[in-house]
Amino acid sequence: MKRALITGITGQDGAYLAEFLANKGYQLFGTYRRSSTPNFWRLQALDILQKVTLIPSDLTDMSSLLEAVTISDPHEIYNLAAQSYVGASFYQPMLTAEVDGTGTLRFLEIIRHLKKNIKLYQASTSELYGDSINRDGRQDEETKFLPNSPYAAAKLYGYHIVKIYREAYGIFASNGILFNHESPLRGLEFVTRKITNAVGKIKSGFEKKLKLGNLESARDWGYAPEYVEAMWLILQQSKADDYVISTNETHSVQEFVEEAFAAAGMDWEKYVEVDELLKRPKDVVHLRGDNSKAKEILNWQPKVKFKKLVRISTVPTLAE
Ligand code: NDP
Ligand code: GDP
């Protein structure tokens with residue numbers, strides 16, 4: 001039986017990946033951060049909690065990571081844990097660097113020292129591109145990285161250190177350069193769930209207004225359960241490599257707002273206010289992927305596109 005260790009199993013992707021790997025027959029181990037209040041609601045929502053051996057661990061604590069790898073003895077590690085919110089990285093830049101940057105190195109060092117054939121998936125991100133686009137207005141594996149936030153800079157370190165260890169030590173380590181992916185399990189501070197959550201509350205009379213920042217930013221938004229399959233496919237290849245995972249479409253935050261309010265039969269302009277304080281010191285304004293490599297080599301393609309995603313994202317979750 002194959003064993004997988006998932007860091008960040010309490011997050012959106014961790015929960016969907018656990019569900020996906022359980023259906024593939026994997027023995028599952030997941031790391032979680034001890035906190036005063038249990039944070040397993042996503043695993044409970046997917047009815048997967050009982051199938052996972054949970055190991056307390058923090059990406060900043062090398063000995064707890066070593067313990068997690070020793071207990072799980074994994075064939076595959078999916079390093080999904082991160083300070084994942086770009087906005088927060090501006091007020092916690094050092095923590096973000098430690099978790100998202102050096103945290104990745106800690107796993108690579110453990111694998112190098114143990115000398116075992118452990119495959120590592122690293123959760124890289126389209127935020128690495130910043131304002132960089134190809135001539136056709138899209139971003140692929142060859143597009144230059146121009147990070148725009150402490151989050152992106154930390155993740156860029158993670159991306160490069162994975163490549164360096166792959167080339168220097170022959171470790172099977174791959175980067176998934178995933179564009180934004182959403183679901184009902186997405187954290188409420190991210191813009192898609194912030195919008196759909198507010199639509200529900202305004203519709204039922206609990207709230208009157210929705211304050212947002214930059215409405216012009218555009219994202220290539222996909223559906224998280226489809227993206228975790230791509231993570232698994234990336235580790236099933238004979239050779240480690242890096243892949244863009246995207247829908248190849250781009251839509252602005254305003255389009256998302258329009259679609260979400262329209263789905264509930266409301267006119268967005270009556271409820272949405274722009275709050276300058278919610279604008280970031282530096283933002284990524286245009287993301288649109290080119291998933292040709294994933295399509296060709298992984299045989300992966302997204303099925304859920306923008307309009308369907310907006311509707312799926314409005315399903316209420318246990319977090320509310
Ligand atoms: P979430 O924010 O939902 O989950 C992040 C996970 O990391 C949580 O389990 C969190 O634990 C854990 N975590 C945070 N800090 C630490 C730490 N110091 N030590 C150990 N665990 C920690 O993110 P997603 O599931 O959406 O994303 C998964 C990964 O993919 C992240 O690395 C993210 O940066 C990256 N990514 C995500 C994209 C997206 O659109 N979703 C796009 C591209 C990349 P806790 O629950 O305790 O907070
Ligand atoms: P990101 O792409 O990982 O930063 O995902 P987010 O969902 O946090 O943000 C997507 C885009 O929405 C960014 O360009 C934000 O600046 C923009 N945005 C506009 N208003 C808001 C808001 O109120 N909250 C968040 N999170 N993002 C907003």
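Whatever order the structure lists ligands and atoms in, that order sets their numbers, starting from 1.
- Residue contacts with ligand 1: Asn79 is placed with no nitrogen or oxygen under 3.5 Å of a nitrogen or oxygen of the ligand (distance criterion only).
- Closest to atom 20 (N) of ligand 2, if we only count protein heavy atoms, is Gly213 N, 2.8 Å.
- Across Gln254, Arg193, Arg219, heavy-atom proximity to atom 13 (C) of ligand 2 is greatest for Arg219.
- In terms of N/O distances under 3.5 Å, ligand 1 is approached by Arg33.
- Atom 12 (O) of ligand 2 has as its closest protein heavy atom Val253 CG2, 3.4 Å.
- The protein atom (non-hydrogen) at minimum distance from atom 16 (O) of ligand 2 is Asp283 OD2, 2.6 Å.
- In this structure, Lys155 is part of the shell of residues with a heavy atom less than 4.0 angstrom from ligand 1.
- For ligand 2, the polar-atom distance check finds an N/O of Glu127 within less than 3.5 Å of one of the ligand's N/O atoms.
- At least one heavy atom of Tyr85 sits closer than 4.0 Å to an atom of ligand 2.
- Below 3.5 Å of separation, one finds an N or O of Gly8 facing an N or O of ligand 1.
- Here Glu109 pairs with Arg112 in a salt bridge; the nearest charged N to carboxylate O distance falls below 4.0 Å.
- Residue, atom and distance of the protein heavy atom nearest to atom 28 (C) of ligand 2 are Val191 CG2, 3.4 Å.
- Per-residue contacts place Ser124 under 4.0 angstrom from the following atoms of ligand 1 (heavy atoms of the residue considered): 43 (C), 44 (C).
- Of all non-hydrogen atoms in Ser89 and Tyr151, the two that sit nearest each other are OG-N, 3.0 Å.
- Applying the side-chain hydrogen bond (donor to acceptor under 3.5 Å, both in side chains) test to pairs two or more places apart or on separate chains, those with a residue in residues 45-59 are Ser57-Ser64, Asp58-Thr60.
- By the 3.5 Å distance cut-off applied to N or O atoms, Thr125 is not counted among the residues near ligand 1.
- Ionic pairing of Asp220 and Lys305 is not present here: no N-O contact between side-chain nitrogen and carboxylate oxygen is shorter than 4.0 angstrom.
- Considering only non-hydrogen protein atoms, atom 11 (O) of ligand 1 sits nearest to Thr10 OG1, 3.4 Å.
- In terms of protein heavy atoms, atom 26 (N) of ligand 2 is closest to Glu189 O, 2.9 Å.
- Within the 4.0 Å heavy-atom cutoff, Glu98 does not count among the residues contacting ligand 1.
- Closest to atom 14 (O) of ligand 2, if we only count protein heavy atoms, is Ser217 OG, 2.7 Å.
- Each of the atoms 29 (C), 30 (O), 32 (O), 35 (C) of ligand 1 lies under 4.0 Å from some heavy atom of Ala123.
- Proximity to Arg186 (heavy-atom distance under 4.0 Å) selects the following atoms of ligand 1: 26 (O), 39 (C), 40 (O), 41 (N).
- Ligand 1 places these atoms under 4.0 Å from at least one heavy atom of Ala81: 7 (O), 20 (C), 21 (N), 22 (C).
- The shortest N/O to N/O separation between Gly14 and ligand 1 does not fall below 3.5 Å.
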Determine all donor-acceptor pairs shorter than 3.5 Å in which one atom belongs to a side chain in residues 17-29; sequence neighbours excluded.
unit_1, atom_1, unit_2, atom_2, d
Asn23, ND2, Glu19, O, 3.3
Tyr26, OH, Glu76, OE1, 3.0
Tyr26, OH, Glu76, OE2, 3.0
Tyr26, OH, Trp232, NE1, 2.9

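- In terms of heavy atoms, Leu185 sits closest to Ala15 at CD1-CB, 4.4 Å.
- Using a non-hydrogen distance threshold of 4.0 Å, Tyr151 registers as a contact of ligand 1.
- For atom 8 (O) of ligand 2, the nearest protein heavy atom (residue, atom name, distance) is Arg280 NH2, 2.8 Å.
- Assignment of Leu178 to the shell around ligand 1 is supported, since a heavy atom sits closer than 4.0 Å.
- Residue contact annotation: Ser126 has no non-hydrogen atom under 4.0 Å from ligand 1.
- In this structure, Lys279 does not count as a contact residue of ligand 2, since none of its heavy atoms falls inside 4.0 Å of the ligand.
- Within the structure, ligand 1 lacks Thr7 among the residues with a heavy atom less than 4.0 angstrom away.
- If you number the atoms of ligand 1 from 1 as listed, the ones under 4.0 Å from a heavy atom of Asp58 come out as 17 (C), 18 (N), 19 (N), 20 (C).
- Close N/O approach between Leu59 and ligand 1 is found [any backbone or side-chain N/O within under 3.5 Å].
- Using a 4.0 Å cut-off between heavy atoms, Asn180 contacts ligand 2 through its side chain alone, with no backbone atom that close.
- The heavy atom nearest to atom 23 (O) of ligand 2, considering only Arg186, Glu216, Lys194, is found in Lys194.
- Close approach to Asn39 involves these atoms of ligand 1, each under 4.0 Å from a residue heavy atom: 45 (P), 46 (O), 47 (O).
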